[in-house]
> 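Dumping the structure here so I can ask a few things about it.
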Amino acid sequence: MRNPLSDQVTNIKPSGIRKFFDVVQTIDGAISLGVGEPDFDTPWHIRDEGIYSLEKGRTFYTSNAGLKELKEEISKYMKRTQDVTYDFNNEVFITVGGSEAIDLALRAMINPGVDEVLIPQPSYVSYEPCTILAGGKPVIIELKEENEFRLTAQEILDKVTENTKVLVLPFPNNPTGAVMEEDDLKAIAKVIEEKDLFVISDEIYGELTYKGKHKSIVSLPGMRERTILINGFSKAYAMTGWRLGYACGPENIIQQMVKIHQFAIMCAPTTSQYAGVEALRNGDEDVAMMREQYDQRRRYLLHEFKEMDLPCFEPYGAFYVFPCIKKFGLSSDDFATRLLNEEKLAVVPGTAFGDCGEGYIRISYAYSLEDLKKAIERLKRFIANLQK
Amino acid sequence: MVTRENILKAIEKNSRVNVSELAVLLGAEEIDVANELRALEDEGIICGYHTMIDWSKTNIDKVMALIEVRVTPQRGLGFDNIAERIYKYPEVTSVYLMSGGFDLMVILEGKTLQEVAGFVTNKLAPLDTVLSCATHFILKKYKDHGTILTKKYEDTREKVTP
């Protein structure tokens with residue numbers, strides 16, 4: 001029998017997180033700081049709206065691009081948070097989570113075998129494989145702790161070639177928690193324009209920032225025209241399982257993304273879309289409450305790290321901290337594996353988010369303060385033993 | 001700078017947190033938090049630190065009743081005088097002045113049904129200004145002070161996700 005598989009697919013290495021997940025499953029009584037989703041339940045009024053839509057029999061496809069009401073709410077949201085106007089008919093559409101939008105944006109823009117995509121790392125696991133599947137060449141930019149894992153103009157210039165077409169901009173960042181502030185964005189916007197690049201700005205953690213409000217690159221002059229903005233409901237409204245995201249951008253790109261979406265997906269789940277309308281209309285207070293809780297936990301962890309002398313730059317976004325473990329002389333993988341075996345505490349090795357995550361671990365604070373305290377006890381003991 | 005609102009919001013659901021930890025959570029100086037807490041206590045804004053207990057899970061018997069009380073307001077004193085006469089009984093846990101079909105909501109705690117009934121017939125109803133009492137016994141508490149009592153939070157997420 002012939003090999004049934006595509007070489008391109010088999011050559012993609014599986015996610016480092018998956019591997020670790022399989023190990024964690026086998027350990028009895030393990031507690032975890034390894035999740036990438038909120039610990040809160042979806043606010044009840046949002047769930048209720050989903051249930052109501054089912055009761056009313058809203059169980060059919062929506063239009064490919066999504067419910068008109070939802071697209072309208074997204075357009076209003078972009079206006080009130082970033083003061084940027086998107087025509088909800090042609091420049092906004094609804095996806096199955098932010099992840100689908102990442103895939104579609106890359107597939108819509110990349111010419112296989114030619115185009116290069118700049119991907120800053122450490123970052124979310126899907127940009128690189130999706131680029132490869134779209135036929136593009138991923139070019140990794142290694143972000144530096146001394147820059148607080150922000151992306152600088154020089155780092156783009158160092159990697160840009162004639163074939164560079166797209167820059168992925170993953171901020172607020174998973175796994176580092178880094179944010180890009182207005183001045184950081186202005187600095188890279190100049191280069192983006194000069195080099196005529198397009199941007200895929202993944203702002204799924206945009207509502208979770210702890211030092212002023214999130215500023216999107218689309219709000220800078222000249223950037224809206226060359227940016228696909230990706231966002232969704234998973235992190236802000238604790239709606240991961242609903243699989244609901246969206247993309248906003250120039251009509252010519254969005255319409256090609258919708259074309260793929262219509263053939264591959266049809267439409268995002270109808271129930272989720274109705275719930276999403278409620279989230280955008282009446283969910284601001286819920287987001288504020290969750291943001292405040294995350295912020296307290298973030299401060300708590302940074303304080304504890306300081307006490308145990310574990311170096312960690314102060315992150316201002318998402319719900320992750322990314323402490324540096326280089327001083328223990330262990331690789332990220334060894335550190336995480338030993339921590340799991342010796343203290344039954346799961347964290348994610350930094351290398352799961354790119355080779356340059358070596359020397360770091362990702363700790364999520366999407367856990368109650370009580371759970372964090374229990375976990376910190378274990379981490380403290382582990383580090384004390386390492387230093388003996 | 002730490003605001004009163006931030007402190008109150010933080011301790012409303014968890015008053016057990018100590019001052020130094022509270023300072024860490026709020027990103028404030030311990031001394032500022034301590035001073036503000038003392039001021040809030042002095043001004044009677046923080047009136048106490050109670051423990052929420054689900055008595056139904058213990059062997060100790062407790063009965064709670066809500067009593068709707070209609071009264072005749074007194075000239076010059078309104079409802080304050082009669083409210084005071086009622087709230088001074090230690091078995092009364094809360095007294096609220098209400099809008100609508102009755103005047104005072106009295107919440108009462110006793111060991112047994114008889115004890116509560118005895119209080120209403122012997123002490124509350126005979127008061128001069130009391131016109132009527134409607135007593136409602138609480139059968140089960142599902143949620144109290146914003147806390148769900150019937151179910152415990154369970155983390156059903158996958159242990160590690162990207």
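Letters A, B, ... are given to chains in the order of the sequence lines, protein chains preceding strands, and every chain is numbered from 1.
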> By a 4.5 Å heavy-atom criterion (distance strictly below it), what part of A/Y210 contacts chain B: side chain, backbone, both, or neither?
neither
> Taking side chain as C-beta onward, heavy atoms only, is A/Q296 less than 4.5 Å from B/L26?
yes
> Could you pull out the closest heavy-atom pair between A/V125 and B/P162, with the gap in Å?
CG2-CB, 3.9 Å
> Please flag which part of A/Y124 lies under 4.5 Å from any non-hydrogen atom of chain B: side chain, backbone, both or neither.
side chain
> Tell me whether the count of non-hydrogen atoms from other residues, nucleotides or ligands lying under 6.0 Å of NE2 in B/H136 goes above 12.
yes
> Return yes when atom CG of A/D22 has more than 12 non-hydrogen atoms of other residues, nucleotides or ligands closer than 6.0 Å, and no otherwise.
yes
> Count the heavy atoms belonging to other residues, nucleotides or ligands that lie under 6.0 Å from CZ of B/R70, then report whether that count exceeds 12.
no
> May I ask you to check whether over 12 heavy atoms, not counting those of B/Y96, lie within 6.0 Å of atom OH?
no
> Which residues pass the side chain to side chain contact (heavy atoms under 4.5 Å, CB included) test with A/I119, not counting sequence neighbours?
A/V117, A/Q121, A/S123, A/Y127, A/E128, A/T131, A/P138, A/I140, A/V168
> Where on A/E304 is there a heavy atom nearer than 4.5 Å to chain B: the side chain, the backbone, both, or neither?
neither
> Just so I know, are the side chains of B/K159 and A/F20 near enough to count as touching, which here means a heavy-atom distance under 4.5 Å?
no
> Any non-hydrogen side-chain atom of A/V348 less than 4.5 Å from a side-chain atom of B/V160?
yes
> Under a 4.5 Å heavy-atom cut-off, does chain B meet the side chain of A/L369, its backbone, both or neither?
side chain
> So A/K373 and B/E21, do their side chains get closer than 4.5 Å, heavy atoms only?
yes
> So A/D39 and B/Y153, do their side chains get closer than 4.5 Å, heavy atoms only?
yes
> Which residues satisfy the side chain to side chain contact (heavy atoms under 4.5 Å, CB included) test with A/E377, sequence neighbours excluded?
A/K380
> More than 12 non-hydrogen atoms from neighbouring residues, nucleotides or ligands closer than 6.0 Å to CZ on A/R243, yes or no?
yes
> Looking only at atom types and distance, does a side-chain atom of A/R298 sit under 3.5 Å from a main-chain N or O of B/L25, one as donor and one as acceptor?
no
> Between A/A366 and chain B, which part of the residue has a heavy atom less than 4.5 Å away: side chain, backbone, both or neither?
both
> Of A/E307, A/K306, A/H303, which meets side-chain contact (heavy atoms from CB on, under 4.5 Å) against B/V24?
A/H303
> Take a 6.0 Å sphere around CD1 of B/I148 and say whether it holds more than 12 heavy atoms from other residues, nucleotides or ligands.
no
> Between B/T161 and A/V35, is there a donor-acceptor pair closer than 3.5 Å when you use the side chain of the first and the backbone of the second?
no
> Check the surroundings of atom CG in A/D355: do more than 12 heavy atoms from other residues, nucleotides or ligands lie under 6.0 Å from it?
no
